[in-house]
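Per chain, numbering begins at 1; letters A, B, ... match sequence-line order.
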There are 2 protein chains.
Amino acid sequence: MSLYNDSIVDYLIPGNSIDCVIFGYEDQLLKILLLKWKTIDLWALPGGFILKNEDMDKAAHRILKDRSGLDNVFLNQFHTFGNKNRRELLNQNIPKEVESFEKNTIKEHPRLAKWLEQRFITTGYFALVDIKKAKPIPDVLSDTCEWVSVNELPVLIYDHNHIINTCLKHIAIQLNYLPIGISLLPNKFTMQDLQRLYEAFLNKKLERSNFQRKMLKLDIFIRLEKQLTGAANKAPYLYSFNKSKYLELVKKGIGFSY
Amino acid sequence: MSLYNDSIVDYLIPGNSIDCVIFGYEDQLLKILLLKWKTIDLWALPGGFILKNEDMDKAAHRILKDRSGLDNVFLNQFHTFGNKNRRELLNQNIPKEVESFEKNTIKEHPRLAKWLEQRFITTGYFALVDIKKAKPIPDVLSDTCEWVSVNELPVLIYDHNHIINTCLKHIAIQLNYLPIGISLLPNKFTMQDLQRLYEAFLNKKLERSNFQRKMLKLDIFIRLEKQLTGAANKAPYLYSFNKSKYLELVKKGIGFSY
DNA sequence: GCAAAAGTGTTCTCTATACACCCATGG
DNA sequence: CCATGGGTGTATAGAGAACACTTTTGC
């Protein structure tokens, strides 16, 4: 708590914030890193503010590092949310709770408290990270920082559910012309892993055999040994990404006759 | 000039601005609405600020209306620019001129002058408008407000060239899954008009006969009478958009097997 | 008749999609 | 041997690209 003190507001750009939708993949599930606030049962996206002398993208990277311990990660801006009532969009009943919570927990910092009451325009960034390498760290307002499956998202504060939905749509469109997976999957993975990942982003079942062929044709994979799963069926191959070919494909895009 | 007075800053969100890339189509050329500043030869995108009690999207519509006279127009956010040095990105020599210009022309408004000196994070919006219906109106800082072909863009202040380039890339990608034209072209147009429009956004020549077939297959057009152009060749058909089918296609997207 | 642009046709390749088939694995 | 999931094969329909052919127009 003492991390924050009142004078911090002198170093922050007022009225602008950043919220990060941090994706990870684990147990064949697509997950998002969420914070649970102290004392009350409210969830939020990891977020933060921009220093007066800091590029906005840099701030997003800093925030991501503060919550996940990760550096040098795929991080992209996707939308800026500037509705004047965005803090009350969902759950009309919650804002009062939040307000009193904010006021109580930081009452020893009157300037900061006041500062937090202003209207914020927030820019959404999304990150794709290797869940195994991440070390979730709660912020000063939060109890816990944990991975939650996108299929089981709780109700979030403010417009954060809307931010996540916008983000998912954005990524679903990106999948049409960009490969995905290198930052989300472990070094070795099966085609089924990759398919589950795509299905989670697209919110749609895909056909197994065609998916495999389509992916392999991208020519960005290295086929490794087979993996005995212990199940009563044929063992799938493990794959890893051919990083240089992958990055090349990211640069030139998929299927751009344009 | 008296439109602005010092107290206006009390009603504006500090540190946030909006810049609009307003597209029109005329003489078979894709054009952008630009402002030329007073006394010095500097060009800029139409922009403005957000009222403390105004949704950001609403502000973008207001700014668009102030510069073009147009209401109810296709207007979309595409990116937010938050580099700390974004006002000096290009033309290292210009900022000083700009600064003194700003200070001089508004010296009677010291608070406003001071306010304008702060760092701004700007959100880019793009609009597609019918150039025939637009009535360009200069703002208080500008002499003229005019349409400039995207092929002949001047050097713009700050990072405005970068903003335009980002916008063009954004739209080029959108063209893969959204139709375009209804807000840019006049009521009646030829396939060649539409093709020129696409070529301008994609910065690439397209094959005439295939383009026509691909477009017509979208089934969003109404074929009208032929148009005698006076040229020594076959007269092209005129087309108009079937608005309801067009809007339906915008909603469901092109080629989304996903 | 001729040049030029519009409209339509043809051919080839590539992709998407659906589904069939055989293979490996553990019980 | 059987159920299950993995890998590959195949057949069909449609899209994209290149280019040929025919039509219309004004000179």
Side-chain angles (χ1 to χ4, degrees), chain A residues 27-28 172-173 175-179 181 185 188-199 202 204-240 249 252-258, chain B residues 27-28 172-173 175-179 181 185 188-199 201-240 249 252-258:
Chain A
D27 303 331
Q28 308 222 332
I173 289 171
L175 284 186
N176 282 309
Y177 54 94
L178 283 183
L185 296 172
K188 300 178 176 186
F189 54 90
T190 66
M191 273 297 144
Q192 192 191 132
D193 287 324
L194 190 63
Q195 185 174 340
R196 294 268 169 88
L197 186 60
Y198 270 75
E199 289 177 342
L202 296 170
K204 178 179 189 286
K205 287 269 168 240
L206 301 172
E207 211 278 335
R208 180 184 59 89
S209 64
N210 293 330
F211 178 81
Q212 178 152 217
R213 227 188 323 253
K214 182 173 173 176
M215 285 298 132
L216 290 179
K217 194 152 29 180
L218 295 179
D219 190 30
I220 55 174
F221 300 92
I222 301 165
R223 179 176 277 187
L224 307 171
E225 74 279 13
K226 292 193 177 189
Q227 180 195 40
L228 292 177
T229 59
N233 51 43
K234 192 170 176 176
Y237 285 106
L238 289 173
Y239 291 90
S240 66
L249 189 59
K252 84 170 215 280
I254 296 169
F256 264 89
S257 35
Y258 289 98
Chain B
D27 303 330
Q28 307 223 335
I173 289 171
L175 285 186
N176 282 310
Y177 54 94
L178 284 182
L185 296 171
K188 299 177 176 188
F189 54 91
T190 66
M191 273 297 143
Q192 193 191 141
D193 287 324
L194 189 63
Q195 186 175 340
R196 294 271 168 87
L197 187 59
Y198 269 75
E199 289 177 342
F201 278 121
L202 296 170
N203 195 27
K204 178 179 189 284
K205 287 269 168 242
L206 300 172
E207 210 280 334
R208 181 184 58 88
S209 64
N210 292 332
F211 178 80
Q212 179 153 215
R213 225 187 325 253
K214 182 173 173 174
M215 285 299 133
L216 290 179
K217 192 149 34 175
L218 295 178
D219 190 30
I220 55 175
F221 300 94
I222 301 165
R223 179 176 277 187
L224 307 170
E225 74 278 15
K226 292 191 179 192
Q227 179 195 40
L228 291 177
T229 59
N233 51 43
K234 191 169 176 177
Y237 285 105
L238 288 173
Y239 292 89
S240 66
L249 189 59
K252 84 170 215 278
I254 296 169
F256 264 90
S257 34
Y258 289 98

J.: Return the set of residues passing ring-ring contact (aromatic ring centres under 6.0 Å, His included) with A:Tyr239 (not counting sequence neighbours), or none when no residue passes.
T.: none
J.: Would you give the length of the straight line joining atom CD of B:Glu199 to atom CG of B:Leu194, rounded to the nearest 0.5 angstrom?
T.: 10.0 Å
J.: I need the NZ-C1' distance between A:Lys217 and C:dT13, as an integer number of Å.
T.: 12 Å
J.: Can you tell me how far C1' of C:dT8 sits from CE of B:Met215, to the nearest Å?
T.: 18 Å
J.: Working to the nearest 0.5 angstrom, can you tell me the gap between A:Tyr237 OH and A:Arg223 CZ?
T.: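 The CZ atom of A:Arg223 is 4.5 Å from OH of A:Tyr237, to the nearest 0.5 Å.
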J.: Reading nucleotides 18-27 of chain C 5' to 3', which nucleotides get B (base under 4.0 Å from a protein heavy atom), which S (sugar-phosphate only), which -?
T.: BB---BBBB-
J.: Ignoring backbone atoms, establish whether A:Gln192 has a side-chain N or O less than 4.0 Å from OP1 or OP2 of D:dG6.
T.: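 Affirmative; the distance criterion is met.
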J.: Between D:dG6 atom C1' and A:Leu238 atom CG, what is the distance in whole Å?
T.: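 So the CG-C1' distance, A:Leu238 to D:dG6, works out to 13 Å.
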J.: To the nearest angstrom, how far is B:Leu224 atom CG from C:dG7 atom P?
T.: 12 Å
J.: Quick one: A:Asn176 CG to D:dA15 P, roughly how many Å, whole number?
T.: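 To the nearest whole Å, that distance equals 16 Å.
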J.: Are B:Lys188 and B:Glu225 close enough that some pair of their side-chain heavy atoms sits under 4.5 Å apart?
T.: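 Yes, their side chains come closer than 4.5 Å.
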J.: What's the closest nucleotide to the side chain of B:Lys214 if the choices are C:dA16, D:dG5, D:dG16?
T.: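 Among the listed nucleotides, the one closest to the side chain of B:Lys214 is D:dG16.
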J.: For the atom pair CG (B:Leu238) and CE (B:Met191), what is the distance rounded to the nearest 0.5 Å?
T.: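 CE of B:Met191 is found 10.5 Å from CG of B:Leu238.
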J.: Whole Å only: how far is the CD atom of A:Glu225 from the P atom of D:dG7?
T.: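 To the nearest whole Å, that distance equals 13 Å.
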J.: State, with a plain yes or no, whether a side-chain heavy atom of B:Leu175 is found less than 4.5 Å away from one of B:Phe201.
T.: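 Yes. Closest side-chain heavy atoms under 4.5 Å.
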J.: How close or far is atom C1' of C:dT8 from atom OH of B:Tyr237, stated in whole angstroms?
T.: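 After rounding, the gap between these two atoms is 11 Å.
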J.: What is the distance, rounded to the nearest whole Å, between atom CG of A:Leu216 and atom C1' of D:dG9?
T.: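 For the pair A:Leu216 CG and D:dG9 C1', the rounded distance is 15 Å.
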